[in-house]
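Just so you know, ligand 1 is whichever comes first in the structure, and atom 1 is the first atom listed for that ligand.
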Amino acid sequence: MASQEKIRINDNTKLLFDRAADFLKLSEEGRNLLKTPYRELTVQMPIRMDNGELKVFTGYRIQHNGSRGPYKGGIRFHPSVDIDEVRALAALMTWKTAIINIPFGGAKGGVTCDPKKLSIGELEKVSKSYMSKIDLVIGPYRDIPAPDMNTNAQVMAWMMSEYGKKHGHTLAIVTGKPVALGGSLGREEATGRGCVYIVKEACNDYGVDIKSSISVIQGFGNVGSNVARFMAEEGSRVVAVSDVQGGIYNPEGLDITALLKYRDENGSIAGFPNTTKVTNEELIELPCDILIPAALEGVIHADNAKNIKAKIVIEAANAPVSITADEILKSKNIPVIPDIIANAGGVVVSYFEWVQNLQQFTWDLDEINFKLKKRIVKGYRDVFDYSKKNNLSLRTAAFAVAIERVIEVVKLRGWG
Ligand code: GLU
């Protein structure tokens, strides 16, 4: 994505904040405090590559607001990562943790790199180098990283291991770890599972029968593939999914279990039998009831929003709908369930992982899923009720609920 587009994403986040702040009549002081991050760290990461060449990568950790608890948020590895993107995503984490009411602030990290071009050994070096450079500003009661785009349980295992070298074995330093190494049951699929709990609520609210619904999902990474799996389990007919290389479409519906197996065997969904190829752009405009963007930001924009045929859009990705697209969808009466509630399932189970690590006691999967559902559905209902009561879009309501909760503790702490 062009860097101009990314700058707009950070500006968009501020604009969305301002809309809610205007509604709340938030003071200038409050706005200034909540629009600037608490701390921004940029680090240099020299890595000796497999071919002997020294490559210098750049990493970031940005802590937006920690009034409600330790900073919390993922780390992404992607070529388009830059400070503006990480800033926007860090702020979104502050709002996300407040809406679902878990005792964390918001942070985000990233390394500008293309993990697809790194060998497994290089990926390990990048992960450990990043941790060794940011370890001074994090800690189990200070800032707890987690996976995000292109990072996973293995990356968290490397990071935890690196942190332990200097600080001693510390399970609660990152979440989203492998279960064998202190990770929580249910964490890996938590974002997808949480998202589908919200889809069910939204379907009830907006008169869509999930069992006879048609859904389209953009992205087939951790979030997209789990959303597809759980949507199919709920009886929805998933007709199209995509990955970075493009999408596949069958109006009769895709067999998601077979597709997951095919993806694992072939490394991609491309060429899955009985499907036609669609581009990621075409996929967004396909006829369906439920459209779930679960990949990059900004994929629904001014040019394609008018062609969207879905009855509901659920933001499983962070910031997939641009601000102009949001307006267009509003004028078409298509509700958008915002990212800061729709994809909060991951951080909810990260919270459970952190609690289990600190207590040195593990919970079973049923308990985790039960607690996830309770928390995320409550967050959604708080936002939905607020939007109805105050005649606001779900997005402005979500920001307003979050800002109210954060500003309350900022005041209690004496603003500093
Ligand atoms: N990266 C995920 C998010 O954006 C999860 C963060 C976490 O678990 O801390 O919500």
- Query: So how far is it from Tyr197 OH to Asn369 CG, rounded to the nearest 0.5 Å?
  - Reply: 4.5 Å

- Among Thr191, Val349, Leu92, Asp148, which residue places a heavy atom closest to atom 1 (N) of ligand 1? Asp148

- Message: Please compare Lys108, Arg187, Lys72 and report which has the shortest non-hydrogen distance to atom 5 (C) of ligand 1.
- Response: Arg187

- Query: ligand 1 and Met93, any nitrogen or oxygen pair closer than 3.5 angstrom?
  - Reply: no

- Below 3.5 angstrom, do we get any N/O pair linking Lys96 and ligand 1? yes

- So, does Tyr130 use its side chain to make a donor-acceptor pair with the main chain of Tyr60 at under 3.5 Å? yes

- Item | Donor-acceptor under 3.5 Å (Glu124 side chain, Trp158 main chain) | no

[atom]: the protein heavy-atom neighbour that sits closest, reported with distance to 0.1 Å:
atom                   : value
atom 6 (C) of ligand 1 : Gly74 N, 3.7 Å
atom 8 (O) of ligand 1 : Ser350 OG, 2.6 Å
atom 7 (C) of ligand 1 : Ala146 CB, 3.3 Å

- Hey, are Lys14 and Asp11 close enough for a salt bridge, meaning a charged N less than 4.0 Å from a carboxylate O? no

- Query: Are Asp382 and Arg405 ion-paired here, with the side-chain N under 4.0 Å from a carboxylate O?
  - Reply: yes

- Message: Side chains of Leu296 and His78, heavy atoms from C-beta outward: is any pair under 4.5 Å?
- Response: yes

- Query: Any idea which atoms of ligand 1 are less than 4.0 Å away from a heavy-atom of Gly73?
  - Reply: 9 (O)

- Task: Identify, by atom number and element, the atoms of ligand 1 in contact range of Asn318, meaning under 4.0 Å from any of its heavy atoms.
- Result: 4 (O)

- Any heavy atom of Pro147 under 4.0 Å from ligand 1? The part involved is backbone

- Message: With salt bridge (charged side-chain N to carboxylate O under 4.0 Å, His left out) as the test, pick out the partner of Asp135 among Lys165, Lys166, Lys128.
- Response: Lys166

